[in-house]
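All values reported here derive from a predicted model rather than from experimental measurement.
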Amino acid sequence: MHIDHTGIAVRDLDEAIAFYTTVLQGELVDRYTNTAVGVETEIAVIHVGDDVIELLLPTSPTSPIARFMKARGKGVHHIAYRVDDLTQSIASLKQEGISFLEDTLRTTAKGRRLIYMDPRHSGGVIVELCDYPPTNKQ
C-alpha cells in the first residue's frame with residue numbers, strides 16, 4: 001500500500017492550477033468533470049515530481065466536496081492509498097473491524113476502483129482506498 005494521490009478541495013480551480021504548476025512546478029496532466037450523482041466535481045490532476053494531487057472543485061451545492069467545504073473549508077479533502085486488490089483489501093480490513101462508506105464504492109471513468117473508509121477510524125481524516133485493475137493500469 002502506498003499513497004496514490006492527495007485530494008484537495010478548492011474554490012477556484014484555475015487559481016489552484018496556477019499555484020501547483022507555477023509555484024510548485026507541477027504538470028497539469030488531466031482536467032475533467034465528473035457529473036455522476038454523488039460526485040459532481042471538476043477535477044484537475046497535477047503531477048508534482050513523483051506525487052499526484054487532485055484538485056477538486058464542486059459543481060453542485062450538494063456534492064460531497066461542497067458539503068466538506070461548507071463544514072471544513074477548502075484544503076486537504078482526502079488521502080488515497082493504492083492497494084493491489086481493492087476487493088481483497090476491503091474484505092481484510094472489514095475482518096479487522098474497519099467499516100467503509102459503502103455508497104462510495106465505484107469505478108471511475110478513468111478505470112480507478114475506489115471506496116472511502118469511514119473517517120471515524122482515522123481520526124476524521126478521509127481515507128480512500130483504490131486500485132487500478134490490470135486492463136486500466138496507469
Would you please test E54 and H77 for side chain to side chain contact (heavy atoms under 4.5 Å, CB included) and show each step?
-> CA-CA 10 Å; E54 284 187 355; H77 175 262; over 6 Å; no
With a 4.5 Å heavy-atom cut-off, do [X] and [Y] have their side chains touching?
| X | Y | value |
| --- | --- | --- |
| L56 | P58 | no |
| R113 | L129 | no |
| D14 | R31 | yes |

Test side chain to side chain contact (heavy atoms under 4.5 Å, CB included) applied to D4 and Y81, step by step = CA-CA 5 Å; D4 183 74; Y81 292 88; over 6 Å; no
What's the separation between atom [atom1] in [X] and atom [atom2] in [Y], rounded to the nearest 0.5 Å?
| X | Y | atom1 | atom2 | answer |
| --- | --- | --- | --- | --- |
| I126 | D118 | CD1 | CG | 10.5 Å |
| I46 | L24 | CD1 | CG | 9.5 Å |
| T41 | I65 | OG1 | CD1 | 5.0 Å |
| L101 | I115 | CG | CD1 | 7.5 Å |
| F100 | L86 | CZ | CG | 8.0 Å |

Test item: [X] side-chain N/O and [Y] main-chain N/O as donor-acceptor pair under 3.5 Å:
| X | Y | answer |
| --- | --- | --- |
| S92 | Q88 | no |
| S60 | T62 | yes |
| H121 | S99 | yes |
| S63 | T59 | no |
| T108 | K110 | yes |
| D30 | V45 | no |
| S89 | V83 | no |

Same hydrophobic cluster for [X] and [Y], using side-chain heavy-atom links shorter than 4.5 Å among ILVMFWY?
| X | Y | value |
| --- | --- | --- |
| V125 | M117 | yes |
| I53 | V29 | no |
| I43 | I17 | no |
| Y132 | Y32 | no |

The side-chain contact (heavy atoms from CB on, under 4.5 Å) partner of L105 among T87, L114, I90 is I90
Given E42, which of T35, L57, V10, L55 fulfils the side-chain contact (heavy atoms from CB on, under 4.5 Å) condition?
-> L57
Intermediate values then yes/no, side chain to side chain contact (heavy atoms under 4.5 Å, CB included), T6 and V76 = CA-CA 7 Å; T6 302; V76 174; 4.0 Å; yes
Shortest non-hydrogen contact between [X] and [Y], atoms and distance:
| X | Y | value |
| --- | --- | --- |
| G75 | F68 | O-CE2, 4.3 Å |
| G26 | V48 | CA-CG2, 3.9 Å |
| P61 | A66 | O-CB, 3.5 Å |

Just wondering, more than 12 heavy atoms not from Q25 lying within 6.0 Å of its CD?
-> no
Would E40 and R67 pass as an ion pair if we require N to O under 4.0 Å?
-> no
Between K74 and D12, does at least one N-O distance fall below 4.0 Å, as a salt bridge requires?
-> no
Full working for side chain to side chain contact (heavy atoms under 4.5 Å, CB included) between H5 and R82 = CA-CA 9 Å; H5 67 274; R82 185 182 298 199; over 6 Å; no
